[in-house]
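See below for the structure under consideration.
Letters A, B, ... are given to chains in the order of the sequence lines, protein chains preceding strands, and every chain is numbered from 1.
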Amino acid sequence: MTTPVDELRSAVERAAQGASPTLERPKKAHFGDFSTNAALLLAPKLRQPPREVAERLGEQLRDSLGDRIARVEVAGPGFLNLFMSDAWYRDAVGRILRDESFGAGRPERPERVNVEFVSANPTGPLTAAGGRHAAYGDSLARILALAGHTVEREYYFNDAGSQVRKLGESIRARARGEEPPEDGYEGDYVVELAARIAGSADMDVDELARRAVDELVAGIQGTLERYRVRFDTWFREAALHEGDPSPIAHAVDELRAHGHVYESEGAVWLRTTSFGDDKDRVLVRSTGEVTYFGADVAYHLNKLERGFDRLVNVLGADHHGYVGRMKALFSALGADPEVLEVPMMQFVHIVEGGQRASMSKRRGEFVTLDELLDEIGVDATRFFMLQRSHDTTIDLDLDLARQESAENPVYYVQYAHARISSILAKAGDSAPDAGSDGELHPAERVLVLKLLGFPGEVAEAAERRAPHRIASYALELAQDFTAFYRDCKVVGVEPAVESFRLALCVATRRTIARALDLLGVEAPETM
RNA sequence: GCCCCCGUAGCUCAGUGGACAGAGCGGCUGCCUUCUAAGCAGCGGGUCGCAGGUUCGAAUCCUGCCGGGGGCACCA
């Protein structure tokens, strides 16, 4: 559905004759409701002074927009500031109200997207960092879906290999009352697993590890469920080793057929240096064991074969060295490396007593996501994790988080939603109606403009893989609503005014709820 | 040595070419017979790390430097 802003943009673009002008909301109200740099872009081409060009563009816009525009001003070096009429505002509210899917996008090329995230190995419970990955990946998936793409969420985990074996050894040692082996797992949960799994002291290590992995995966799934994150696919690494030919053998054959595989020193290598990597990578060790990379190669070939247009792989910043070789892999397979996108999540540092504490799953030093959820709840945790851009490091001071959780901006947004609900309840049978006459209050105009920005924010957040923009937007929308609430009484004023304000309330409530839903946060009716 | 991310208010952070740089938290001062005070209003607070460059215009783009974090395995 085209929005009033889309139409305005088209009008400006037509006037700008092929240049790509901006249409944005100026920071200052006296610069208009919208402004465009069209004249500044056009002036050099026409070899005319920008302000003269602006005057002419203004005339054209006045003609093409008629009574939808109140006035046009030329300002500064040649900006064109547009002031919309109240009729335009009313029309906009009416259209938002009628648009059941307000905010949804229709991209030129909708994609089938696979978002792989968290993918923490089942060698321990999910940590606070896992909570960041989960919030980001899930929210991104929700945003991409609203933006018009088809999305699948996927979790890949190692249920085989040396780390899992080490887990088994650690549990057995605990069951026997011994210390875990060198490089083993030392967390308290290892002791708990030793107690929970009957016969763990004498069990075969691989069998024990298998049982522990089942337990831990179930625990991770429980935590994610509680965190409102659901995956469509749980992909086990072991599946890559099964069958004949196994997906790994298939992948190696495929790469060999493309001529990028060679053997040296008893190992099987992929010549990733042909595609910009620093060095070639081992697929199969001289011992015959498949490397982590080797398994991942097969995994990504498998994803490609499942027909996705785009593979988003959310990884921690410590994996950044991994990106080059994965891109090289795609080239080696004859696929477009651009298909693979790897948003790098920066770290979550736990701060205690003003100092950064270490976070090592192996040493058992970490804050689990469950602990965080117990302390400050799902909504506050998700909002906290999503407020910051994924490429900035987060400091999480537990004491502060606990103390400030009541001050979390998420409650401000939810509160606005609850207030609207309460207004609408009080309004009873009065019907919302955008109406056609009467002057609007400035706070009403500001709120309408903010609402109109929602579809653009969704599109922007999707394109940039930036859920935090939605968090910022939700907060700003709640602020604009609160200012409206302060200045404009809704229920009990003159009927025509009341029905317009009710329309504005309904549109706002729905948009807040939708924005919060994109963040995986609830929108309560009362607080 | 090479590669990636960051450096904006006391703190945590938005702001990827536009007009006098924003929010939350914290500090100070006021405001509840009113549709929810989890709120509102006001005050205070900034050489946008530094130095050059591109541009009509730079927190934003380019180069160099400084500081913080991370990575450079036949580990995962």
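- Judged by distance alone, the side chain of A/Thr36 and the main-chain N or O of A/Thr22 form a donor-acceptor pair under 3.5 Å.
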Pair pattern of RNA chain B in dot-bracket, where unpaired bases get dots and | marks partners in another strand, Watson-Crick or G-U under 3.5 angstrom: ((((((((.[[[[.)..(...]]]].(((((.......))))).....[[[[[..)....]]]]])))))))....
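- Separation of the C1' atoms belonging to B/rU47 and B/rC4 is 29 Å when rounded to the nearest angstrom.
- A residue-by-residue look at A/Arg469 and A/Phe384 shows that A/Phe384 has its nearest nucleotide of RNA chain B further toward the 5' end.
- The aromatic rings of A/Tyr299 and A/Tyr156 lie parallel to each other, their planes meeting at an angle below 30°, with 60° marking the opposite boundary.
- The listed nucleotides are B/rG70, B/rA76, B/rU12; the one nearest the side chain of A/Asp395 is B/rU12.
- Taking only side-chain atoms of A/Leu40, from C-beta outward, the nucleotide of B/rC13, B/rA37, B/rG18 with the closest atom is B/rG18.
- Mapping A/Asp280 and A/Ser389 onto RNA chain B by nearest heavy atom places A/Ser389 closer to the 5' end of the strand.
- The gap from the C1' atom of B/rU29 to that of B/rG45 amounts to 16 Å, rounded to the nearest Å.
- Protein atom OH of A/Tyr262 is 11 Å distant from nucleotide atom P of B/rC74, rounded to whole Å.
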Under 4.0 Å protein heavy-atom contacts per nucleotide of nucleotides 19-34 of chain B, with B for base, S for backbone only and - for none: BB-SSSS---------
Enumerate all atom pairs, one protein N or O and one N or O from nucleotides 4-7 of chain B, separated by less than 3.5 Å.
unit_1: B/rC4; atom_1: O4'; unit_2: A/His320; atom_2: ND1; d: 3.4
unit_1: B/rC5; atom_1: O2'; unit_2: A/Asp391; atom_2: O; d: 2.5

Donor-acceptor pairs are to be reported for all side-chain atoms of residues 461-472 of chain A against protein atoms at under 3.5 Å, with residues two or more places apart or in another chain.
unit_1: A/Arg464; atom_1: NE; unit_2: A/Glu460; atom_2: OE2; d: 3.2
unit_1: A/Arg464; atom_1: NH2; unit_2: A/Glu460; atom_2: OE2; d: 2.6
unit_1: A/Arg465; atom_1: NE; unit_2: A/Glu341; atom_2: OE1; d: 2.8
unit_1: A/Arg465; atom_1: NH1; unit_2: A/Ala462; atom_2: O; d: 2.9
unit_1: A/Arg465; atom_1: NH2; unit_2: A/Glu341; atom_2: OE1; d: 3.4
unit_1: A/Arg465; atom_1: NH2; unit_2: A/Glu341; atom_2: OE2; d: 2.9
unit_1: A/Ser472; atom_1: OG; unit_2: A/His468; atom_2: O; d: 3.4

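- Residues that satisfy the salt bridge (Lys or Arg N to Asp or Glu O under 4.0 Å) test with A/Glu242, not counting sequence neighbours, are A/Arg236.
- Side-chain atoms of A/Glu73 and A/Asn81 include no donor-acceptor pair closer than 3.5 Å.
- Residue A/Tyr292 is in base contact, counting any heavy-atom pair closer than 4.0 Å across all strands shown.
- Out of B/rA76, B/rU16, B/rG39, the shortest distance to the side chain of A/Arg464 is found at B/rU16.
- When the nucleotides B/rA14, B/rA76, B/rG71 are ranked by their closest atom to the side chain of A/His468, B/rA14 comes out on top.
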Which donor-acceptor pairs under 3.5 Å do side chains of residues 428-435 of chain A form with protein atoms, sequence neighbours excluded?
unit_1: A/Ser430; atom_1: OG; unit_2: A/Ala427; atom_2: O; d: 3.3
unit_1: A/Ser430; atom_1: OG; unit_2: A/Glu498; atom_2: OE2; d: 2.9
unit_1: A/Asp433; atom_1: OD1; unit_2: A/Gly435; atom_2: N; d: 3.0

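- The OH atom of A/Tyr299 sits 15 Å away from the C1' atom of B/rA76 (whole-angstrom rounding).
- Centre separation under 5.5 Å together with a plane angle under 30° does not hold for the ring of A/His349 and the six-membered base ring of B/rG69, so they are not marked as stacked.
- Listed candidates were B/rA37, B/rA73, B/rA76. Nearest to the side chain of A/Arg281 is B/rA73.
- Taking the P atoms as reference points, B/rU16 lies 12 Å from B/rC6, given to the whole Å.
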